[in-house]
Amino acid sequence: MRTPHAPHLVFGPVLCGVLATAAPAQIQDSLAARLPRATVAVLELEDGAAWARRLIALLETMPDPPQRLLGLRTLLPTLVRAATGGVALDDALTALAPKRVVLALVSNGALPEPLLIAETEDASGARTLRSALLGRLGARAFVDDGDGRLIVAADLATLELARRAYDGVEPRLALESFCTHAPRSAASLLVHVDLAAVRAKDLDRRSYGERLDPGARLLFGPLAAALDRARAVHVELRVLPRGAELAMTIDGSPLAEDPAQDDEAALLLASPRRARTLPPAPAGTLATLALDRSLAAPFVHVRTLFGAAAEAQLLGGLSIADALLRASFVDELLPCFVGSATLFVVAQAQGGNAVADDGAAAAGLRLPGFALVLPLEDSARAAELALRGLSTFALAANVERMRQEKLPYAMRVQRDDEGRPCIVFEPSEWHGAAPAPLDATFQPTLLFGATQLVVASTRETALATMAARVDAADAATATVQGDLLTLDPAGLAEYLTLNRELAVLDTVLKRGVPARQARRELDELAQVLRNLRPFALRLEPVVGSTTLRTELAWRETRGTEAGR
């Protein structure tokens, strides 16, 4: 009896390898093993009926689904009964869904052609599938059905190639050479990408890191370095009762066993071999971005990291910064900062009603607050240099704003009991027609603490961020290794609602859909976001591998929450 295995996604030898979800002895029985050698991409599913039921069950756990989804969920059994002459949904899934199915792209000419192979328990199941597919595809598909087997291709040449490979006449996809990763658990979906094969077929001989501009290299440099030296990428997707969990492992790393041998990618990392403490998040945080990046590396190692052209541009900017500070930016200001920066996106109280009585959102873009937390080694010295440089910068910036007929900013310096400054740039009061321009709503603020500097878009956001540190002084501190992104989907849904009319206008102009349809789609997206729990995306480089992990889950129902 054949041992079942989880569904898996396979990219063939031209682009990628295979993600095996079974032992080598089971690979020969995999449907993907019967594909022609010219296959470039494959999606394989084991027990289609079970997976259809699992997806339906997952949707049924959504606490507060949009009306259209709720209607579909309610009507689906009725629709199936009507379409099949009274067959129940579960029985219909058993009859129509194949035991195993692969959807592939086969390079049988200039462009890859789609190919579908399905296996059922008996020939009648294949004929049922054939009728269902031809009813949808008509003359656009070429079908070859056999005993419990169905092959559907876009052209006769691909169909013949697939049929001959299935019967063992043509060479098949060699899966064994790509089976290098054993499953870590009973996964729902496993993916394997053979990066060595991808690089071999890539006409662009530059590394992934070399293809990034300096800004993207700062954000994604360690990940690009891991992909450049990796042989394979393994992805594991698990379907949970109320959500899904994703884990990706790259068998390459920007870190070396010997720290002295680390290359330029590792220079970007601030503390790659140890966990670091995260600053506490202020109340109302919608998103957090914590990158394990050295603040000094982009300026000290600019030629090594970004090349000679970027170095020439940066040196020009640094000369201006040195003139404003009347000190060396690299040698005097940068040593005041240690560790990695953390960015918070914080909900702000909105003035007035966001939605008018007629349902149309108020004009203007409603933005949350932004706060960047920088760890400090020498707060007093950093404050001294910042005051010196910003005073000159404010004068020059306001001269330029007045030349452009814009209102100036007023720079105000307040000090706490210990003499640490809070530097606030206050925009002039707007007296024009609503809505005010965005630069009239920002209040850039620098708030210096004993061990951290908060750079925020408004004074209130800066104070809330600093207060969170004080309030959490006696609480357990959170730590992270690598990069971290956290999101509050429900909070983001509220800001999507606040800015709905601007988003509707953008959708209408870009897609040409009616405004009513655009509003409905955005409202449904916001409703789905409200159903999601806050989640975190973690990217962790360690010696030998890099991993990415996240989990998405529905919120508990109101009854469950009340019961607690």
Side-chain angles (χ1 to χ4, degrees), residues 6-11 15-21 43 178 180-196 198-199 207-209 211-212 215-240 243-256 262-263 265-266 268-276 278 287-293 340-343 345 478-489 492 532-553:
H8 53 276
L9 182 65
V10 181
F11 290 95
L15 293 181
C16 317
V18 94
L19 250 207
T21 62
L43 170 65
F178 301 106
T180 59
H181 177 65
R184 292 184 296 275
S185 63
S188 301
L189 182 72
L190 288 176
V191 179
H192 172 82
V193 179
D194 188 342
L195 284 175
V198 173
R199 290 193 294 265
S207 67
Y208 294 127
R211 303 180 201 186
L212 301 175
R217 203 172 306 166
L218 179 63
L219 291 175
F220 306 112
L223 178 59
L227 293 173
D228 282 328
R229 66 195 64 187
R231 184 170 50 92
V233 173
H234 315 293
V235 181
E236 178 181 5
L237 176 64
R238 300 181 59 213
V239 177
L240 307 174
E245 180 183 61
L246 175 71
M248 180 179 76
T249 302
I250 306 172
D251 68 353
S253 173
L255 308 178
D262 282 347
D263 58 14
L268 285 170
L269 302 174
S271 54
R273 288 175 175 79
R274 60 179 176 83
R276 66 188 189 279
L278 282 177
T288 302
L289 179 61
L291 298 179
D292 184 17
R293 302 292 184 274
S340 304
T342 304
L343 175 68
V345 182
T479 60
V480 64
Q481 183 173 357
D483 298 342
L484 170 68
L485 171 67
T486 67
L487 293 175
D488 177 11
L492 295 175
L532 289 172
R533 290 180 180 176
F535 71 92
L537 181 69
R538 301 175 184 273
L539 183 68
E540 301 177 353
V542 296
V543 174
S545 67
T546 297
T547 61
L548 182 146
R549 300 179 184 277
T550 189
E551 179 181 331
L552 276 175

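All values reported here derive from a predicted model rather than from experimental measurement. Computed from heavy atoms alone, side chains included, the values below leave out hydrogens, waters and symmetry copies.
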Results of side-chain hydrogen bond (donor to acceptor under 3.5 Å, both in side chains) for [X] - residues two or more places apart only:
X: R229; result: D263
X: T486; result: T288
X: Q481; result: none
X: D483; result: R293

How long is the straight-line distance from [atom2] of [Y] back to [atom1] of [X], given to the nearest 0.5 Å?
X: L552; Y: L246; atom1: CG; atom2: CG; result: 9.0 Å
X: L484; Y: R549; atom1: CG; atom2: CZ; result: 14.0 Å
X: L539; Y: T547; atom1: CG; atom2: OG1; result: 7.0 Å
X: S545; Y: M248; atom1: OG; atom2: CE; result: 11.0 Å

Exercise. So among L268, L291, L212, which one has a side chain to side chain contact (heavy atoms under 4.5 Å, CB included) with L218?
Worked result: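 That would be L268; it is the only one of L268, L291, L212 passing the side chain to side chain contact (heavy atoms under 4.5 Å, CB included) with L218.
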
Under the rule for side-chain contact (heavy atoms from CB on, under 4.5 Å), what residues qualify as partners of [X], not counting sequence neighbours?
X: A256; value: Q261, D262
X: D251; value: A230, R231, A232
X: L487; value: A287, L485, L492, F535
X: D228; value: S207, Y208

Within the distance-only criterion (no hydrogens, no angle test), does the side chain of [X] pair as donor or acceptor with the backbone N or O of [Y] below 3.5 angstrom?
X: R217; Y: G209; value: yes
X: S253; Y: V542; value: yes
X: T550; Y: A536; value: yes

Kindly give the heavy-atom pair with the smallest separation between [X] and [Y], and that separation in Å.
X: P534; Y: D488; result: CG-OD1, 4.0 Å
X: A275; Y: T479; result: CB-CB, 4.2 Å
X: G221; Y: A265; result: O-CB, 4.5 Å
X: G482; Y: D292; result: O-CB, 3.5 Å
X: T546; Y: P254; result: OG1-CD, 3.7 Å

Exercise. Does E245 have any salt bridge (Lys or Arg N to Asp or Glu O under 4.0 Å) partners at least two apart in sequence or in another chain, and if so, which?
Worked result: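 Counting only residues at least two positions away or on another chain, E245 forms a salt bridge (Lys or Arg N to Asp or Glu O under 4.0 Å) with R238.
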
